[in-house]
Amino acid sequence: MSTTYKSIGSSYNKKQGKVAFAAPSNIALVKYWGKRPVQLPENASLSFTLNVCRTETAIAYKKRAVSGNDFSITFLFEGAPKPSFVPKIHTFFERIAPYCLFLKDFEFIIDSKNTFPHSSGIASSASGMSALAMCLVEIECELGGLLSAVERKEKASFLARLGSGSACRSIEGPVTIWGKHQIINKSSNEFAVPFEGELHPIFRNYQDTVLLIDKGEKQVSSTVGHNLMYGHPFAKARFEQANANLEKLNAVLQNGDMDQFIEIVESEALTLHAMMMTSLPYFILMKSNTLEVINAIWNYRKASEIPVCFTLDAGANVHVLYPERHKKEVMEFINEELAEKCQNKQYICDNLGFGAKKL
Ligand code: DP6
C-alpha cells in the first residue's frame, strides 16, 4: 500500500478543533455489484457525482487526557443525539483505525445532516461516508499529517470505500471510476479516480431527476445483495460485461454518442436487477410503478426523440437522466406522466456535481 496512508502517531500539532465537509451522493452508470474482502470490487464501476443530494458533516475533536482502548464517539443527526447511529460509525472506525492512528487519542462529536428528505429511500451511505472521510483526513492534516491535495482526496476515497464501497466515488466529480481497469490510468480497487477524458458538452450539467417510487426500507440490503454474487451462476460473465461496458462508456462520454449511452446505461440498470432476480435466494426490488415509469420513458423517448433514459440503484426508485438542454420538455413529461407514479408525487431534481467541499 502507498505510504499515503501512513498516519501520524501520537505527537500532535493541535489538542482540539472542528472541521466540516459537504459530500454528495452519486449514481452509478456502470454498477458495482459483487465484492471481495475487504470492500474490494469485483469489477470497475463508473458514476455521475450528484450535486443536490448531499450530507453535511461537522466533527469537533478533542484530545483525551488518557488514550482509550476504544473510540469515543458522540453522534448527532440534525443537531439531536442519535446513539443508534454510533455502532455503524464504530465499525467504520475499527476498519480505518490502521490508517488513522489518532482515532483512539481523541474524542469526537459528529454532527450530520442530509439535504435530501429523510427516509426518501435515497441511499445516504455514499454521501455520509464520504463526508465523514473528508473530515477525518482534514483532522489528520490539522494534527500534522503531511498530505498533498491529491493524496488527501485519494485517502478520503480510500477511507470512504471502507465505510461503503460506492462512497469512494463521491469525493470528486463530475464523473469518477472505481476499480482497476486496464484502460483507466491510475485506476485502483482501493479508491476512485476522476474520469480523465474531456467530457462531451452534452454531458455537462447532465440532469438526474430521482423519482421516489418507494420510500420504504429495502427488503434486502446492498451488503446482502453483494454477497449473493458469490457462487452466482452469471457472476463471471457479469463482471466481464461491466468492465467491457466501462470501456465503451469511457469513449461515449467523450464522443457524445447518445444511442450508445442510453443502451449501456439502461442495460446496466436492468442487468443489476437481473442479478438480484437470478441469485439464490432471489429477490425483486423494483415495484410495479418502477416498470410503468420505465415503459413511459421508452414511449416518450420514441415519440419525442429526446435522449432521456433511466438508471436504477438497488431499490425501486428511478433516476431519469437527460441533457440540460431538454430540461423544460422532460420536466413537463415528468410532471404530467411520471409524478403520479411516485410516492406522494415526490421527486428530487439533481444534476452533475463536483464532489466534496469544505464548509
Ligand atoms: C447498486 O456501496 O451500497 O448502488 O459496499 O456494501 O456499502 P456496500 O455497498 P454499496 O453498493 C452500491 C450498489 C449499487 C451500485 C453502485 O453504486 O455502483
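Everything numeric in this text was worked out from a predicted model, so none of it was measured. For ligands, and for the atoms within them, numbers begin at 1 and follow the listed sequence.
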- For Thr311 and Lys31, test the side chains for any donor-to-acceptor distance below 3.5 angstrom and give the result as yes or no. yes

- Query: In terms of side-chain heavy atoms, does Ser127 have a donor or acceptor partner in Arg54 at a distance below 3.5 Å?
  - Reply: no

- Task: Just do the side chain to side chain contact (heavy atoms under 4.5 Å, CB included) check on Leu136 and Phe93 with the steps written out, would you?
- Result: CA-CA 10 Å; Leu136 292 172; Phe93 272 29; 3.9 Å; yes

- Min N/O separation Arg169 to ligand 1 under 3.5 Å: yes

- Ligand-side contact atoms (ligand 1) for residue partner Ser222, heavy atom cut-off under 4.0 Å: 3 (O), 9 (O), 11 (O)

- Query: At a non-hydrogen distance cut-off of under 4.0 Å, which region of Ala28 contacts ligand 1 (side chain, backbone, both, or neither)?
  - Reply: side chain

- Message: Using a 4.0 Å cutoff against the non-hydrogen atoms of Thr223, which atoms of ligand 1 qualify?
- Response: 6 (O)

- Message: Closer than 4.0 Å to some heavy atom of Lys35 - which atoms of ligand 1 meet that?
- Response: 5 (O), 6 (O), 8 (P)

- Item | For ligand 1, the portion of Asn26 having any non-hydrogen atom under 4.0 Å away | neither

- Heavy-atom nearest option to atom 2 (O) of ligand 1, drawn from Ser166, Ala269, Gly315: Ser166

- Considering only protein heavy atoms, which is closest to atom 9 (O) of ligand 1, and at what distance to one decimal place? His226 NE2, 3.0 Å

- Message: Could you tell me, atom by atom, which parts of ligand 1 come under 4.0 Å of a heavy atom of Ala314?
- Response: 1 (C)

- Query: Which atoms of ligand 1 are found less than 4.0 Å from any heavy atom of Gly165?
  - Reply: 2 (O), 5 (O), 7 (O), 8 (P)

- Looking just at side-chain N and O atoms, do Tyr347 and Asn335 make a donor-acceptor pair shorter than 3.5 Å? yes

- Query: With distance as the sole criterion, is a donor-acceptor pair present between the side chains of Glu268 and Asn245 under 3.5 Å?
  - Reply: yes

- Any nitrogen or oxygen of Tyr32, main chain or side chain, under 3.5 Å from a nitrogen or oxygen of ligand 1? yes

- Item | Exercise: do Asp70 and His90 side chains pair donor with acceptor under 3.5 Å | yes

- Query: Can the ring centres of Tyr206 and Phe261 be said to be less than 6.0 Å apart?
  - Reply: yes

- Query: To which protein heavy atom is atom 7 (O) of ligand 1 closest, and what is the distance rounded to 0.1 Å?
  - Reply: Ser164 OG, 2.7 Å

- Message: Parallel, tilted or perpendicular: which one describes the rings of Phe158 and Tyr99, with boundaries at 30° and 60°?
- Response: perpendicular

